[in-house]
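Read through the structure below, which is laid out as structure tokens, and then see the notes.
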Amino acid sequence: MNEQEIQKRRTFAIISHPDAGKTTLTEKLLLFGGQIQVAGAVKSNKIKKTATSDWMDIEKQRGISVSTSVMEFDYRDYKVNILDTPGHQDFCEDTFRTLTAVDCAIIVIDGAKGVEAQTRKLMTVCRMRKTPVIVFINKMDREGRDPFDLLDEVEAELQIKVRPLSWPINQGQRFKGVYNIYEQNLNLFTPNKQVVTEKVEVDINTSALDEFVGESDATKLREDLDLIEGVYPEFDVNTYLSGEVAPVFFGSALNNFGVQELLDCFVEIAPSPRPTQAEERLVEPTEPKFTGFIFKITANIDPNHRSCTAFCKVCSGKFVRNAPYQHIRQGKTVRFSSPTQFMAQKKSTIEEAYPGDIVGLPDNGIFKIGDTLTEGEQLHFKGLPSFSPEMFKYIENADPMKTKQLAKGIDQLMDEGVAQMFINQFNGRKLIGTVGQLQFEVIQYRLENEYNAQCRWEPVSLYKACWIESDDDVELEAFKKRKYQYMAKDRDGRDVFLADSNYVLQMAQQDFKHIKFHFTSEF
Ligand code: G4P
């Protein structure tokens with residue numbers, strides 16, 4: 001029984017740079033899944049875009065990230081779980097960590113802009129974890145770049161081989177549609193946000209194609225397809241599953257074009273829940289006993305109900321409401337009387353959940369990111385290493401009467417994974433590092449509202465935090481001595497070098513050849 005449930009699950013994230021069309025694509029997928037009736041219903045993500053330090057907005061954003069954290073829907077015989085990856089200003093560690101809980105990803109790229117910064121960063125995580133990815137090149141209804149150039153760029157920038165499974169016929173004003181290489185049929189484009197496209201069965205080697213798209217576009221399509229067959233090897237689903245090759249689709253999410261083809265191919269080729277690596281062993285989803293881990297914790301927006309929601313990915317067995325589970329880090333038994341699942345924006349209590357599913361657990365402070373739950377076995381699921389933050393600020397106490405509150409608040413927020421903290425070894429000051437500016441505002445706001453503590457920020461201009469190690473103790477000591485003002489410890493007590501520029505880092509690498517400088521905390 002479990003086996004069947006596992007086979008039909010597809011748990012994935014849509015990743016993109018802001019504005020490439022992630023929200024629009026998500027919405028169209030939910031439309032096909034029957035979760036929403038009309039386009040425009042997933043408006044909430046829009047609020048994320050307002051760059052503002054208005055506290056209400058931060059509150060709203062946090063609320064929204066709870067409701068849109070996971071979206072589930074049924075499609076054909078499959079159960080699809082989409083995990084939201086926060087983007088825009090609230091791009092943060094959470095975004096990376098969400099990728100530890102997915103089995104595959106869809107990357108949305110704006111056809112006019114090509115590969116952008118956030119996509120590149122998120123793809124690094126996918127590559128590390130060998131997560132299979134499908135690329136959707138969006139906005140083909142706009143004048144964009146040459147599709148072959150785009151494919152080259154995706155290969156070079158995302159460092160993955162590509163294989164087009166659909167091909168655009170012209171673009172912008174002259175966009176006629178796409179030829180679906182995977183299904184071998186033609187989809188003609190009719191600009192319409194609600195209607196699903198009609199497919200035309202056509203033999204591209206006959207004049208029927210010319211009738212549909214015109215002679216010159218027909219000739220061009222035949223030439224392009226010849227070139228594709230010549231340049232790219234035949235699509236092999238195993239190379240996709242092993243994370244070596246990314247199938248590519250073209251379309252226009254806004255016009256609902258190419259989305260169903262993407263979804264149809266996705267549910268067929270995407271992996272069902274994959275095994276999860278624990279420190280002790282590899283855990284197969286088909287194992288009878290329940291295991292799972294917490295990959296995200298979201299605070300409640302309502303100040304009267306302080307509790308958080310911890311998101312647990314089920315890795316094996318069956319999660320059952322009220323069953324006793326072992327909270328490994330705390331060494332105690334826990335039961336959950338109101339676990340939730342997320343259907344579009346609605347939350348509902350569930351009785352059971354299977355591998356691949358995400359369960360929302362009410363959390364009054366018992367969880368940390370990365371915590372493992374089992375039926376008793378001592379297991380520790382491996383999380384994602386921390387990456388070097390990109391922005392750094394010293395955190396200062398702005399109310400000497402509330403020192404304890406501040407320390408406790410910072411500690412708990414770091415446990416939640418809101419940001420990373422380093423202690424500068426030279427001056428003992430606490431340095432907070434984030435990947436997005438908004439995180440500093442969220443921390444300050446939450447310290448005030450949840451811990452009754454006041455903080456002040458002092459910006460520091462740093463390039464990277466590098467975890468350092470060496471087999472040569474003498475050189476390591478010499479380095480730490482030379483750079484004593486720039487040495488810090490992370491929360492696990494590991495040595496971190498705070499490089500204030502790329503130049504300084506390069507010089508350090510040159511001068512200290514036996515020291516390894518790592519940009520992630522696990523190496
Ligand atoms: P994001 O979540 O990745 O940030 O992107 P989102 O879906 O919000 O899309 C960003 C903008 O791009 C939106 O326009 C959206 O309508 C537009 N868009 C998405 N897909 C397509 C497409 O296939 N073709 C074209 N031409 N545009 C597309 P906006 O003006 O920011 O918002 P709205 O006022 O249209 O809602």
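As the structure lists them, so they are numbered: ligands from 1, and atoms in each ligand from 1. Counting from 1, the numbers follow the sequence of the chain as shown.
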I'd like to check which ligand 1 atoms, numbered from 1 as shown, lie under 4.0 Å from a non-hydrogen atom of [X].
X      : value
Ala253 : 23 (O)
Pro18  : 4 (O)
Leu254 : 16 (O), 20 (N), 21 (C), 22 (C), 23 (O), 24 (N), 25 (C), 27 (N), 28 (C)
Lys22  : 1 (P), 2 (O), 3 (O), 5 (O), 7 (O)
Ser16  : 3 (O)

For ligand 1, the portion of [X] having any non-hydrogen atom under 4.0 Å away:
X      : answer
Arg142 : side chain
Ser252 : both
Asp141 : side chain

* Is Arg76 salt-bridged to Asp264, cutoff N-O under 4.0 Å? ->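 Judged by the 4.0 Å cut-off on N to carboxylate O distance, Arg76 and Asp264 do form a salt bridge.
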* **Electrostatic pair Lys220-Asp224, nearest N-O below 4.0 angstrom** =>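 A salt bridge links Lys220 with Asp224.
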* From the options Asn256, Thr26, Asp19, select the one whose nearest heavy atom is closest to atom 10 (C) of ligand 1. =>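 Residue with the shortest heavy-atom distance to the ligand atom: Asp19.
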* Parallel, tilted or perpendicular for Phe175 and Phe189, by the 30°/60° rule? ->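 Geometry flag for Phe189 against Phe175: tilted rings.
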* Mind telling me whether Phe32 and Tyr75 have parallel, tilted or perpendicular rings, with 30° and 60° as the class edges? =>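 Taking Phe32 first and then Tyr75, their aromatic rings stand perpendicular (interplane angle over 60°).
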* Asked: Does Gly21, backbone or side chain, put an N or O under 3.5 Å from an N or O of ligand 1?
  ->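 Yes; at least one N/O pair falls below 3.5 Å.
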* Asked: Do any nitrogen or oxygen atoms of Thr24 come within less than 3.5 Å of a nitrogen or oxygen of ligand 1?
  ->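 So ligand 1 has an N or O lying under 3.5 Å from an N or O of Thr24.
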Donor-acceptor list for residues 228-237 side chains, cut-off 3.5 Å, not counting sequence neighbours:
unit_1 : atom_1 : unit_2 : atom_2 : d
Glu229 : OE1    : Arg163 : NH2    : 3.1
Asp236 : OD1    : Asn238 : N      : 2.9

* With distance as the sole test, does Asn81 use its side chain to make a donor-acceptor pair with the main-chain N or O of Gly356 at under 3.5 Å? ->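 Answer holds: yes.
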* Does the gap between the ring centers of Phe136 and Phe249 come in under 6.0 Å? ->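 Not close enough - the centres of the two rings lie 6.0 Å or further apart.
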* To do: Quick one: list whatever passes side-chain contact (heavy atoms from CB on, under 4.5 Å) with Ile160, sequence neighbours left out.
  =>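 Ile160 satisfies side-chain contact (heavy atoms from CB on, under 4.5 Å) with Met123, Val133, Leu158, Ala246 only.
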